[in-house]
Amino acid sequence: MFVRTFSGAIVGIDAVRVTVEVNRDGGGLGLFLVGLPDNAVRESEQRIRAAFGNAGLRMTMKKIVVNLAPADLRKEGAAFDLPIAVGILAATEQVADDMLGETMLAGELSLDGTLRPVRGVLPLAVRARQDGLRRIVVPAENAAEAAVVEGLETIGAHTLREVVDFLGGERTIPPTQPPASASAEAADRYAEDFADVKGQARAKRALEIAAAGGHNVLMIGAPGSGKTMLARRLPTILPPLTVAEALETTKIHSVAGKLGVAAGLLSRRPFRAPHHTTSQAALIGGGQSPRPGEVSLAHNGVLFLDELPEFGRSVLEVLRQPMEDKRVTVSRARYSVEYPANFALIASMNPCPCGYYNHPDKECTCPPGSVQRYMGRISGPLMDRIDLHIEVTPLSPAELTAERVEEPSAAIRERVIRAREVQRERFREMPGVHTNAMMNTRMLRACCRLDADALGLLERAMERLGLSARAYDRILKVARTIADLEGSEGVAAAHVGEAIGYRSLDRESWGR
Ligand SMILES: Nc1ncnc2c1ncn2[C@@H]1O[C@H](COP(=O)(O)OP(=O)(O)O)[C@@H](O)[C@H]1O
Ligand SMILES: [Mg+2]
């Protein structure tokens with residue numbers, strides 16, 4: 001007897017449908033798995049045999065051939081256990097096959113017949129829906145994730161036995177309801193708020209500009225000056241996730257196996273803060289079977305690299321491609337996949353090894369030249385992609401204890417959203433460009449025309465402060481964002497002047 005079940009393989013952050021064909025025929029003995037299965041899929045046989053035994057199901061004595069099609073697609077992981085097991089059971093008439101033509105199946109079997117959660121269930125559910133299937137049957141722990149997809153019935157099961165009984169009509173399993181999507185209000189409620197940060201008006205202003213224009217930021221300041229505190233609050237002033245962004249980011253987290261049991265669509269922008277001991281693979285993606293890294297988990301959100309010079313040079317080097325292309329290609333001997341990686345970078349660092357260069361009342365004890373050497377640890381190409389340098393100076397004890405009401409994130413965010421709307425209008429005709437930070441040189445020339453005063457100021461500043469040529473474009477972009485925050489069509493001298501202030505590391509005098 002010949003039967004077919006449906007499942008899917010993950011490619012990048014999407015799923016491709018895989019048909020599991022099972023044929024039982026007269027000649028010979030044993031189970032044969034064909035169609036490019038990797039080790040985990042091949043080991044499937046052992047898990048299935050054990051699970052059958054423990055669930056009171058029979059493995060036939062006849063020859064069974066299982067083919068995973070299309071054959072040229074790499075299939076990996078244990079998610080094929082369930083579709084293969086159900087296929088064998090149907091081919092041996094231990095389970096009814098009526099529903100199989102409209103059902104996608106995915107799940108790992110443990111030896112005792114319970115179902116274990118697998119990665120990538122959300123893209124599988126999206127695929128099932130696109131292919132017009134009626135339902136998806138997954139491990140109970142993955143059910144909330146699949147239920148996000150509308151127009152598809154999600155059946156969460158705990159054991160193989162439950163699946164068999166469900167398909168045979170002997171057990172009803174109520175479809176999992178889509179997790180209540182966080183109300184817009186709840187999604188906006190972060191544990192942190194800019195109102196927690198006393199003073200630091202200049203740093204807050206710079207972060208507002210960064211959020212408004214999509215600019216990357218480097219914060220430099222002594223230990224304890226509040227850099228980490230400020231960075232953690234950046235997501236609270238970014239515009240809300242759109243539904244499309246939420247779906248894409250959630251798919252990445254699904255493929256990485258990072259969604260919790262109750263997970264619905266992510267309602268907030270991700271904030272990822274990998275430690276400086278993080279490996280290249282963890283940052284960029286990779287591993288035995290491909291998984292998204294931190295740069296992709298931060299997609300549509302924030303990647304925070306705290307204590308930037310502590311990261312390995314080679315680790316920072318790999319950030320180049322995603323920062324340039326907003327996506328990352330992970331190539332290994334056995335595969336090559338692409339993941340989205342469009343994040344806002346916020347990095348922090350001490351100004352020098354002892355940490356107190358430029359400190360208002362502590363003495364820097366570093367030998368001459370060490371500030372430049374410390375900066376030199378960060379490669380030019382990375383520095384080249386940072387628009388704003390923010391010098392964070394610690395507050396005095398009196399300032400820290402002063403009772404002052406600070407502006408809440410919600411108020412800052414409103415201005416950010418307005419400035420983003422201006423940009424959306426500006427870049428309407430340019431697909432793939434949403435923010436000022438994404439402008440190329442040609443767009444810069446067209447969108448950042450300076451009046452005579454502004455131009456004069458910029459030219460004088462370039463000369464007097466010894467600003468590098470690369471600073472020039474950065475200043476224009478940031479000035480454009482400052483003008484947008486103000487609702488100003490033109491870019492004036494005041495905007496350029498403020499933007500120049502955020503390029504302190506370009507000054508010849510820095511660190512001397
Ligand atoms: N402006 C501030 N307002 C309120 N608390 C602050 C401020 N600056 C520093 N702190 C306090 O100091 C602690 C250390 O700040 P942190 O962000 O870790 O500094 P850094 O990362 O620059 O070393 C914070 O957790 C916070 O309690
Ligand atoms: Mg810190």
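Not measured: the values here are computed from a predicted model. Remember, it's 1-based here, ligands and their atoms both numbered in the order they're listed.
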request  = Using a strict 4.0 Å cut-off to heavy atoms of Val197, name the atoms of ligand 1 that fall inside it.
outcome  = 1 (N), 3 (N)
message = Salt bridge or not between Arg269 and Glu245? Use side-chain N to carboxylate O under 4.0 Å.
response = yes
Enumerated ligand 1 atoms positioned under 4.0 Å from heavy atoms of Met229 = 4 (C), 5 (N), 6 (C), 7 (C), 10 (N), 17 (O), 26 (C)
ask   = Who's the nearest protein heavy-atom neighbour of atom 9 (C) of ligand 1, and how far?
value = Gly224 O, 3.6 Å
ask   = Aromatic rings Phe304 and Phe271: how do their planes relate, parallel, tilted or perpendicular, breaks at 30° and 60°?
value = tilted
inquiry  = Is atom 13 (C) of ligand 1 near the protein, in the sense that some protein heavy atom lies at less than 4.0 Å from it?
reply    = no
inquiry  = If we count only non-hydrogen protein atoms and require a distance under 4.0 Å, does atom 22 (O) of ligand 1 qualify as touching the protein?
reply    = yes
query = Any cation-pi pair here, Arg268 with Tyr190, using under 6.0 Å and within 45°?
reply = yes
query = Can Glu324 and Arg385 be counted as an ion pair, charged N to O under 4.0 angstrom?
reply = yes
query = Does an N or O anywhere in Pro223 fall below 3.5 Å from an N or O of ligand 1?
reply = no
request  = Return yes or no for this condition: an N or O of Gln200 is under 3.5 Å from an N or O of ligand 1.
outcome  = no
inquiry  = On a heavy-atom basis, I'd like to know which of Lys198, Lys227, Met349 is closest to atom 2 (C) of ligand 1.
reply    = Lys198
Electrostatic pair Asp306-Lys227, nearest N-O below 4.0 angstrom = no
key: ligand 1 atoms in contact with Ala222 (distance to a heavy atom under 4.0 Å)   = 22 (O)
query = Is there side-chain contact between Arg420 and Leu238, with at least one heavy-atom pair below 4.5 Å?
reply = yes
key: Under 3.5 Å: N/O of Leu395 near N/O of ligand 1   = no
ask   = atom 19 (O) of ligand 1: which protein heavy atom is closest, and how many Å away?
value = Gly226 N, 3.0 Å
ask   = Quick check: does Met229 put an N/O/S atom under 2.8 Å from the Mg ion (ligand 2)?
value = no
inquiry  = Students should be able to answer this: which protein heavy-atom is nearest to atom 7 (C) of ligand 1, and at what distance?
reply    = Leu400 CD2, 3.6 Å
request  = For Glu145 and Ser254, test the side chains for any donor-to-acceptor distance below 3.5 angstrom and give the result as yes or no.
outcome  = yes
ask   = With a 4.0 Å cut-off on heavy atoms, is Asp196 touching ligand 1?
value = yes
message = I'd like to know if Glu407 and Lys204 make a salt bridge, using a cut-off of under 4.0 Å between side-chain N and carboxylate O.
response = no
key: Under 3.5 Å: donor-acceptor pair, side chain of Asp325, backbone of Arg327   = no
key: Ion pair Asp484/Arg426, N-O distance below 4.0 Å   = yes
message = Just to check, does Ala231 reach to within less than 4.0 Å of ligand 1 when the distance is taken from its heavy atoms?
response = no
message = Among all the protein's non-hydrogen atoms, which is closest to atom 18 (O) of ligand 1, and how far away is it?
response = Thr228 CB, 4.0 Å
message = Under 4.0 Å, counting heavy atoms only: does Gly199 come that close to any atom of ligand 1?
response = no
